[in-house]
Protein chains: 2
Amino acid sequence: MGRPRTPLLDRERITTTALELVDEQGEFSVPQIARRLGVQTGSVYHHVDGRDGIVELLRERVARSIDITTLDARPWDAALAGWARAYRAAFAAHPKAIPLLMTNPVRAPRVLQQYERAVTLLQSAGFPTAEVMPVLVALENVVLGSALDLAAPEAMWEIADASATPRLAEALDAAGPHRADLAFDLALEAFLAHARRRLEECREE
Amino acid sequence: MGRPRTPLLDRERITTTALELVDEQGEFSVPQIARRLGVQTGSVYHHVDGRDGIVELLRERVARSIDITTLDARPWDAALAGWARAYRAAFAAHPKAIPLLMTNPVRAPRVLQQYERAVTLLQSAGFPTAEVMPVLVALENVVLGSALDLAAPEAMWEIADASATPRLAEALDAAGPHRADLAFDLALEAFLAHARRRLEECREE
DNA sequence: ACCTGAACACCGTTCAAGT
DNA sequence: ACCTGAACACCGTTCAAGT
């Protein structure tokens, strides 16, 4: 066969196909991608840095879908809350991909720019520089922790035997179906309230 | 060869070997386990429910190492804080295993019992039953999110180009080396403060 | 019941050969 | 530069055969 006049493959199509496979199955393989694109397995390696490279492309694709305009809101805590929700929503759109994406940090410059802006936001609000990263990472913990909750195929308490753990079963019943969202709202609100108080303390000193 | 007089394999040794491999490499395979135990690959399948079964055994092993006595502390918020720290510490002892363990919930009854006790603790403290699960899941989000932070081989900001994201680099410098622990402390304290306030509101009504 | 040895389908990766 | 086709080492899983 040899080289075609117009390339059959490109990173964009490989990424899209991989994401489709992950959305469907929770995983992907290089041969599966090649099959869907009507191409030989080896061909994929001409466009991509191995399987890990494809995972990194998935990370970028999902991270890029975070609505960055949320960081334009004012005051600072509204901006932070909006960003956290957009961050979580981007992962929630691909729950089966979450285990694949969360393990490693995003390397894409465009995503690091979001963090740069968030740092600027907190500094402008009056947080001392040494406080900025702990605050930001704490928020990230809440976002990723709750995203993980969305990824689990079944919640811990769905396994619970009602006779062995009656109070757990009762509490679950009482919580209703939106427990994941309620928990995220609670954790986010707790974080914001704490951050606001911390900022006031800094201003008083 | 046939059946040996005394079994060469058991679930305990398989689990231990798998955990060793994961601690060293971040992953394991059934043939690797068999090789370390001087046994044929197929033999492992006589003791364990496939590769997924081994992962589940790892989950149980790590979850079992959570110090449950923390839940005996009083008042309720001290117990919850101690439990959260013990929970995180159990994962922190095997950072390379975290991606493997966090995806699915633990099915082991002994672990579900911990949740049962935590539910009881919150009910006794005065939380209305409908509030218990959101509170517990929010705490879980913080714990697992911060555990994920410990698992990352390199933090997001270690990748950051200081010239492209100068404020991020500056904030990182100012935060010092314990950013992960500081962030967890902050998120946990924020959660506890919020939960305390929530409880007071419930009592006033 | 428990281990061997061999088999099967699948995977990630590399690379000479072609255009 | 980009695709094919074949190769290699590895994986998860099954199973007849042995004791």
Side-chain angles (χ1 to χ4, degrees), chain A residues 1-61 96-97 99-101 103-104 107 153, chain B residues 1-61 96-97 99-101 103-104 107 153:
Chain A
M1 286 283 150
R3 176 188 183 201
R5 329 175 219 77
T6 155
L8 298 174
L9 246 41
D10 61 81
R11 294 159 71 89
E12 216 58 38
R13 298 187 59 205
I14 291 170
T15 308
T16 301
T17 308
L19 190 53
E20 281 172 12
L21 285 165
V22 172
D23 282 341
E24 293 169 19
Q25 316 172 354
E27 47 194 5
F28 77 94
S29 77
V30 183
Q32 281 177 341
I33 294 175
R35 228 171 287 135
R36 287 229 175 164
L37 294 174
V39 107
Q40 216 61 22
T41 299
S43 311
V44 175
Y45 286 80
H46 288 283
H47 296 84
V48 139
D49 192 14
R51 202 200 120 93
D52 288 350
I54 300 177
V55 174
E56 183 58 29
L57 287 173
L58 288 178
R59 238 189 295 278
E60 288 185 30
R61 170 72 66 90
K96 292 190 180 174
L100 219 48
L101 305 181
T103 318
N104 282 50
R107 311 176 96 86
Chain B
M1 286 280 150
R3 178 187 181 202
R5 328 175 220 77
T6 156
L8 298 174
L9 246 42
D10 61 80
R11 293 159 70 90
E12 217 56 39
R13 298 187 59 207
I14 291 171
T15 309
T16 301
T17 307
L19 189 54
E20 282 173 12
L21 285 165
V22 172
D23 281 342
E24 294 168 17
Q25 316 171 354
E27 48 194 4
F28 77 93
S29 77
V30 183
Q32 280 177 341
I33 293 175
R35 228 171 287 136
R36 287 229 176 164
L37 293 174
V39 107
Q40 216 62 21
T41 300
S43 310
V44 176
Y45 285 80
H46 288 283
H47 297 85
V48 139
D49 193 13
R51 203 201 119 95
D52 287 351
I54 300 177
V55 173
E56 183 57 29
L57 287 173
L58 288 178
R59 235 189 297 278
E60 287 185 31
R61 171 72 65 88
K96 291 190 182 175
L100 220 47
L101 306 181
T103 317
N104 283 50
R107 314 176 95 85

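To find a chain, count down the sequence lines: A is the first, B the second, and so on, and within it residues start at 1. Source: prediction; values computed, not measured.
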Please state how far atom CZ in B:Arg3 lies from atom C1' in C:dA1, giving the value in whole angstrom units.
4 Å
Take a 6.0 Å sphere around CG of A:Asp10 and say whether it holds more than 12 heavy atoms from other residues, nucleotides or ligands.
yes
Decide yes or no for A:Val55 and A:Arg59: does some side-chain heavy atom of the first lie under 4.5 Å from some side-chain heavy atom of the second?
yes
Is the shortest side-chain N to carboxylate O distance from B:Glu12 to B:Arg61 below 4.0 Å?
yes
When you compare the side chain of A:Leu9 with that of A:Val48, does any pair of heavy atoms fall below 4.5 Å?
no
Quick one: is B:Gln40 getting a side-chain N or O under 4.0 Å of the C:dG5 phosphate, OP1 or OP2?
yes
Those stems involving DNA chain C that have three or more consecutive Watson-Crick or G-U pairs, both distances under 3.5 Å, are C:4-8 with D:12-16, C:12-16 with D:4-8
Once you round to the nearest 0.5 Å, how far does CD of B:Gln32 lie from OG1 of B:Thr41?
10.5 Å
When you check the phosphate oxygens OP1 and OP2 of D:dT4, does a side-chain N or O of A:Ser43 lie under 4.0 Å from one of them?
yes
Residues touching DNA chain D, which here means a heavy atom under 4.0 Å, drawn from residues 6-27 of chain A
A:Pro7, A:Leu8, A:Leu9
Contact list (N/O, under 3.5 angstrom) for nucleotides 10-13 of chain D vs protein:
{"unit_1": "D:dC11", "atom_1": "OP1", "unit_2": "B:Ser29", "atom_2": "OG", "d": "2.9"}
{"unit_1": "D:dC11", "atom_1": "OP2", "unit_2": "B:Arg35", "atom_2": "NH2", "d": "3.4"}
{"unit_1": "D:dG12", "atom_1": "OP1", "unit_2": "B:Arg51", "atom_2": "NH1", "d": "3.3"}
{"unit_1": "D:dG12", "atom_1": "OP2", "unit_2": "B:Val30", "atom_2": "N", "d": "2.8"}
{"unit_1": "D:dT13", "atom_1": "OP2", "unit_2": "B:Tyr45", "atom_2": "OH", "d": "3.0"}
{"unit_1": "D:dT13", "atom_1": "OP2", "unit_2": "B:Arg51", "atom_2": "N", "d": "2.8"}

When you check the gap from the basic side-chain N to the acidic O, do A:Arg36 and A:Glu24 get nearer than 4.0 Å?
yes
Considering only C:dC2, C:dT4, D:dC3, which nucleotide approaches the side chain of B:Pro4 most closely?
C:dC2
Count the heavy atoms of every other residue, nucleotide or ligand shown that sit under 6.0 Å from CG of B:Asp49, and state whether that count exceeds 12.
no
Tell me, do B:Leu21 and B:Ile33 make a side-chain contact under 4.5 Å, heavy atoms counted?
yes
Close side-chain approach of B:Phe28 to B:Glu20, heavy-atom, < 4.5 Å
no
Return no unless some side-chain N or O of B:His47 is found under 4.0 Å from OP1 or OP2 of C:dA1.
no
Please determine whether a side-chain nitrogen or oxygen atom of A:His46 lies at a distance below 4.0 Å from atom OP1 or OP2 of C:dT14.
no
Heavy-atom pair of closest approach, residues A:Ile14 and A:His47:
CD1-CB, 3.8 Å
With side chains defined as the heavy atoms from C-beta onward, is the minimum distance between A:Val22 and A:Leu58 less than 4.5 Å?
yes
